[in-house]
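The structure displayed is predicted, hence computed values, not measured ones. Letters A, B, ... mirror the listed sequences (proteins, then strands); counts begin at 1. Just so it is clear, the values below take in all heavy atoms, side chains as well, and ignore hydrogens, waters and symmetry mates.
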There are 2 protein chains.
Amino acid sequence: MYNLFFQNLNSKVQLTEEEQEQIKTYLTLKKLRKKQYLLQEGDVCKVIAFVEKGALRAYSVDENSNEHIIQFGLEGWTISDLYSFLTGEPATYNIDALEDSELVIISKSAHEELLQTMPKYETFTRLNITGAYLAMQRRLTSIISASVEERYQDFINLYPHIAQRVPQHMIASYMGLTPETLSRIRKRISSK
Amino acid sequence: MYNLFFQNLNSKVQLTEEEQEQIKTYLTLKKLRKKQYLLQEGDVCKVIAFVEKGALRAYSVDENSNEHIIQFGLEGWTISDLYSFLTGEPATYNIDALEDSELVIISKSAHEELLQTMPKYETFTRLNITGAYLAMQRRLTSIISASVEERYQDFINLYPHIAQRVPQHMIASYMGLTPETLSRIRKRISSK
DNA sequence: CAAAAGCATTGATTTGAATCAATGTGCTTT
DNA sequence: AAAGCACATTGATTCAAATCAATGCTTTTG
């Protein structure tokens with residue numbers, strides 16, 4: 001059940017059997033049906049979720065009730081409203097399941113205790129957030145400097161598996177475009 | 001000379017005198033004149049720089065030789081091309097000084113040794129990157145979902161000191177706008 | 001199974017930002 | 001002090017994406 005999580009963990013910090021067992025005591029599993037919420041805007045985000053199976057999205061809703069996807073979470077990725085999780089402020093994002101999913105759940109107290117007691121867990125956390133930072137910087141750079149066409153190409157190249165599993169209008173949302181515009185961009189690209 | 005750096009460090013992880021002295025042995029100071037480069041695109045980024053005094057910017061240059069500012073670094077902030085620093089790949093950003101500046105320099109080997117030997121330094125690093133991640137996520141959310149006017153207002157509210165010290169066309173660049181557009185937006189806002 | 005909902009596409013029109021161009025102003029720099 | 005440059009503003013025009021609207025297709029669901 002925790003296979004992917006520990007695979008991921010081990011690839012970043014080598015753990016002994018005992019260490020793994022110890023960490024396991026802090027984790028819980030959660031299944032989410034398609035369309036179910038993991039987090040709703042306004043609630044405080046209590047957990048970090050590692051996606052063992054399935055797909056989720058984090059998104060905000062603006063005053064015109066347009067959804068803006070800030071992050072996808074597929075197998076092997078972590079998803080949360082980190083700001084809310086860390087500060088205890090109400091979440092500004094919603095997180096829900098795009099497919100039936102299985103999550104490894106780390107509660108706030110578990111996270112804090114692990115950070116305090118297991119140096120390797122802190123290293124793991126540091127490496128994770130660093131990876132997330134670099135991925136986001138890449139996305140930001142591309143938004144600021146590249147054309148929409150290039151951005152779409154980059155997205156497809158970087159995340160082909162997302163493009164296959166997620167409806168197109170959500171990719172448009174992730175890119176900050178309308179579905180119509182993305183459709184036309186795809187058309188333009190394919191006619192080359 | 002290292003005042004601000006240690007102030008910052010201490011605010012995140014409480015250090016003893018000895019620990020501070022130990023860390024100091026890993027640091028060097030560097031002064032940069034206005035317009036001098038800390039890093040040029042294509043070179044490998046060898047350092048993380050903490051800004052003690054002055055102001056820097058990290059930016060990329062696109063095929064039409066337009067500059068796109070990805071980050072400002074003022075007093076108390078850290079600036080680097082982290083991807084290049086961590087991977088050893090050539091940098092995709094340029095970093096230069098907007099004013100005469102003083103930097104606390106952490107070399108790659110220093111960074112690695114400190115991470116390995118001083119748990120508190122790792123914690124410091126983790127907290128720093130987490131803060132940077134949250135700031136960037138905020139920026140990204142605003143780009144994807146808010147109007148340019150709101151985005152400019154947010155920027156001014158969040159970083160009033162930057163707005164005061166940095167030429168307007170650089171703020172436009174940071175926002176992914178042309179200077180003309182930002183000028184018009186300011187006009188629109190002020191006429192309310 | 002039929003109805004409804006969700007999704008992608010296409011077309012016509014509007015809108016907002018980019019581009020091109022010119023001017024004014026204040027700083028450097030010599 | 002004069003010349004040159006960097007910067008901000010403003011105007012006119014172009015261009016790209018949003019919006020509004022309609023259609024057909026597929027997937028859910030009652």
It should be established whether [X] places a side-chain nitrogen or oxygen under 4.0 Å from OP1 or OP2 of nucleotide [N].
| X | N | value |
| --- | --- | --- |
| A:S183 | C:dT9 | yes |
| A:T178 | D:dA17 | no |
| A:K187 | C:dT9 | no |
| B:Q168 | D:dA6 | no |
| B:H169 | D:dA6 | no |

### Query
Angle class for the B:F155/B:Y174 ring planes (parallel below 30°, perpendicular above 60°, tilted otherwise)?
tilted
Spacing of [X] atom [atom1] relative to [N] atom [atom2], expressed in whole Å:
| X | N | atom1 | atom2 | result |
| --- | --- | --- | --- | --- |
| B:L177 | D:dC15 | CG | P | 20 Å |
| A:R33 | D:dT28 | CZ | P | 15 Å |
| A:N66 | D:dC20 | CG | C1' | 14 Å |
| B:I189 | D:dT9 | CD1 | P | 12 Å |
| A:D62 | D:dA18 | CG | P | 13 Å |
| B:M175 | C:dG16 | CE | P | 16 Å |
| B:M170 | D:dA8 | CE | C1' | 14 Å |
| B:N64 | D:dC15 | CG | C1' | 15 Å |

Check if the side chain of [X] and the base of [N] share a donor-acceptor pair of N or O atoms closer than 3.5 Å.
| X | N | answer |
| --- | --- | --- |
| B:R184 | D:dG11 | yes |
| A:R186 | C:dT10 | no |
| B:R188 | C:dG16 | no |
| A:E180 | D:dC20 | yes |

### Message
Between A:V166 and B:I185, which residue's closest nucleotide on DNA chain C lies nearer the 5′ terminus?
### Response
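The residue closer to the strand's 5' end, by nearest nucleotide, is A:V166.
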### Query
Does B:K12 NZ have over 12 foreign heavy atoms under 6.0 Å away?
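Yes, because the 6.0 Å sphere around NZ of B:K12 holds more than 12 heavy atoms from other groups.
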### Query
When you look at NZ of B:K46, are more than 12 heavy atoms from neighbouring residues, nucleotides or ligands closer to it than 6.0 Å?
no
#### Entry: Comparing B:L182 and B:K35 on DNA chain D - which has the more 5′ nearest nucleotide
B:K35
Can a donor-acceptor pair be found, under 3.5 Å and without considering hydrogens, that links the side chain of [X] to the backbone of [Y]?
| X | Y | value |
| --- | --- | --- |
| A:E52 | A:L4 | yes |
| B:D62 | A:A146 | no |
| A:K108 | A:F85 | yes |

#### Entry: Global bending angle along the helix from C:dC1-D:dG30 to C:dT30-D:dA1, which compares the axes of five pairs at either end, to 10 degrees
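So the angle between the two local helix axes works out to 50°.
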### Message
Distance alone, cut at 3.5 Å: any donor-acceptor contact between the side chains of A:Y26 and A:E113?
### Response
yes
### Message
If we count only N and O atoms by modelled type, under 3.5 Å, do the side chains of A:S183 and A:Q168 hold a donor and an acceptor together?
### Response
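No, because no side-chain N or O of A:S183 sits under 3.5 Å from a partner of the opposite role on A:Q168.
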